[in-house]
Amino acid sequence: MIFILLLSLLSSAPKSEPVLLVLNKSENTIAFVDPISLRILGKANTGVGPHEVAVAPDGRIAYVVNYGAQSPGNSLSVIDILNRKELRKINLGEYQRPHGIAVTKDGKHLVVTCEENQAVLVIDLKTEEIVKVLKTHQELTHMLVLSPDMEWIFTANIHSGTVTAIHIPSASIHQIPVGQGPEGIDISPDGKEVWVANRAGDDLAIINVRSLEVDTILPTGEFPIRLKFTPNGKIVLVSNAREGSISFFDTEKRKEIARIDTGTVPIGILIHPDGKRVFIANSRDDQVSILDLKKRKVIE
């Protein structure tokens, strides 16, 4: 079993067709997949235990966190998307178990969580060196999201039951209690709300970014593990891993409006930039489902 863990951003490098990037956790590879036919176009090696991936704004390079397996990982793989190969690894030294990852929209920096160190690293992509270490002081700092104005980093801390809000310009830190086992996290396109999936509580917490407090809790399916806003911010999709379903939430009405089955242990969610299709990584099936967002049904 390959165990597909996560789908990346759709990448469209110059002189190439759009490609879907899929991490194969136990195989230690990244697959390049045609987003229409779902045909595998090629694979490249990564480090041990690739868990998350982020793509540079120009679509040429992907960065994969090598989480490790029994031994903690401490590197990032730099992937050439057009030529489908690993170029090199960025060594993180003492910083272990990298997981959440994002590239800043100007393409100059990479932001990465390191669970073992309760830290968020900021890496200069020109030099590929760590330029800032921001401590969360929370247990199992896992996923992260950046605010659209690039002023805030929000991390989901699974064992502490919190989200850490880090104000980048001042390096000030705010701890926000959100519930049991927060993991999936995303921010609204307008930057006003952060939604968090509490996998152990079977609910969602909605954080008001201005007050840095939770103002709403919503029940969801069993073991919600990832969530994503649609490009227009009107819908949030949640993968309920244990029950094999995807929930659709209306962000204005703040309620679940649909739930559909997709496969065994759905985790990764990727919404196509056109807002019409959704790719779901069903991890235990080694399979990707495609959903029609408008019709709310599996089409592939």
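Every heavy atom of this structure was used, including side-chain atoms; hydrogens, water molecules and symmetry mates were not.
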Ile130 and Val122: CA distance, side-chain angles, deciding distance, side-chain contact (heavy atoms from CB on, under 4.5 Å) verdict | CA-CA 6 Å; Ile130 299 168; Val122 180; over 6 Å; no

Within the 3.5 Å criterion, strictly below it, is a donor on [X] or [Y] matched to an acceptor on the partner's side chain?
{"X": "Ser245", "Y": "Asp261", "result": "no"}
{"X": "Thr264", "Y": "Asp285", "result": "yes"}
{"X": "Ser160", "Y": "Thr162", "result": "no"}
{"X": "Glu222", "Y": "Asn240", "result": "no"}
{"X": "Gln118", "Y": "His137", "result": "no"}
{"X": "Asp80", "Y": "Asn83", "result": "yes"}
{"X": "Thr46", "Y": "Asn28", "result": "no"}
{"X": "Ser75", "Y": "Asn91", "result": "no"}
{"X": "Thr29", "Y": "Asn45", "result": "no"}
{"X": "Thr164", "Y": "Gln175", "result": "yes"}
{"X": "Glu115", "Y": "Thr113", "result": "no"}

Taking only residues two or more places apart in sequence or in another chain, which ones pass side chain to side chain contact (heavy atoms under 4.5 Å, CB included) with Ala165?
->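 Ala165 satisfies side chain to side chain contact (heavy atoms under 4.5 Å, CB included) with Trp152, Phe154, His174, Ile176, Leu212 once adjacent residues are dropped.
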
What residue among Ile173, Thr155, Ile168 forms side-chain contact (heavy atoms from CB on, under 4.5 Å) with Val120?
->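 The side-chain contact (heavy atoms from CB on, under 4.5 Å) with Val120 is passed solely by Thr155 among Ile173, Thr155, Ile168.
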
Does the side chain of Trp195 come within less than 4.5 Å of Ile207's, by heavy atoms?
->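 The answer is no; the side chains never approach within 4.5 Å.
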
Derivation and outcome, side-chain contact (heavy atoms from CB on, under 4.5 Å), residues Asn117 and Gln96 | CA-CA 7 Å; Asn117 308 83; Gln96 298 182 329; 4.3 Å; yes

Show your reasoning for whether side-chain contact (heavy atoms from CB on, under 4.5 Å) applies to Ile79 and Val64.
-> CA-CA 8 Å; Ile79 305 294; Val64 175; 4.0 Å; yes

Would [X] and [Y] pass as an ion pair if we require N to O under 4.0 Å?
{"X": "Glu128", "Y": "Lys108", "answer": "no"}
{"X": "Arg226", "Y": "Glu183", "answer": "yes"}
{"X": "Lys89", "Y": "Glu86", "answer": "yes"}
{"X": "Arg254", "Y": "Asp215", "answer": "yes"}

Decide if atom NZ of Lys192 counts as having more than 12 heavy atoms of other residues, nucleotides or ligands within a radius under 6.0 Å.
->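 Atom NZ in Lys192 is not packed in, count stays at 12 or less.
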
Drop me the distance from [X]'s [atom1] to [Y]'s [atom2], to the nearest 0.5 angstrom.
{"X": "Asn157", "Y": "His159", "atom1": "CG", "atom2": "NE2", "result": "11.0 Å"}
{"X": "Ile123", "Y": "Leu110", "atom1": "CD1", "atom2": "CG", "result": "5.0 Å"}
{"X": "Asp186", "Y": "Glu193", "atom1": "CG", "atom2": "CD", "result": "11.5 Å"}

Is there a path of hydrophobic side-chain contacts, each under 4.5 Å between heavy atoms, that joins [X] and [Y]?
{"X": "Ile257", "Y": "Val236", "value": "no"}
{"X": "Leu121", "Y": "Leu125", "value": "yes"}
{"X": "Met143", "Y": "Val194", "value": "yes"}
{"X": "Val103", "Y": "Ile61", "value": "yes"}

So, is the end of the Arg97 side chain (NZ or CZ) under 6.0 Å from the ring centre of Tyr67 and within 45° of the ring's axis?
->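 Flagged: Arg97 positioned over aromatic ring of Tyr67.
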
Side-chain cluster (under 4.5 Å, hydrophobic types only) that Ile158 belongs to, other residues |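 Taking Ile, Leu, Val, Met, Phe, Trp and Tyr as members, Ile158 shares its hydrophobic cluster with Leu140.
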
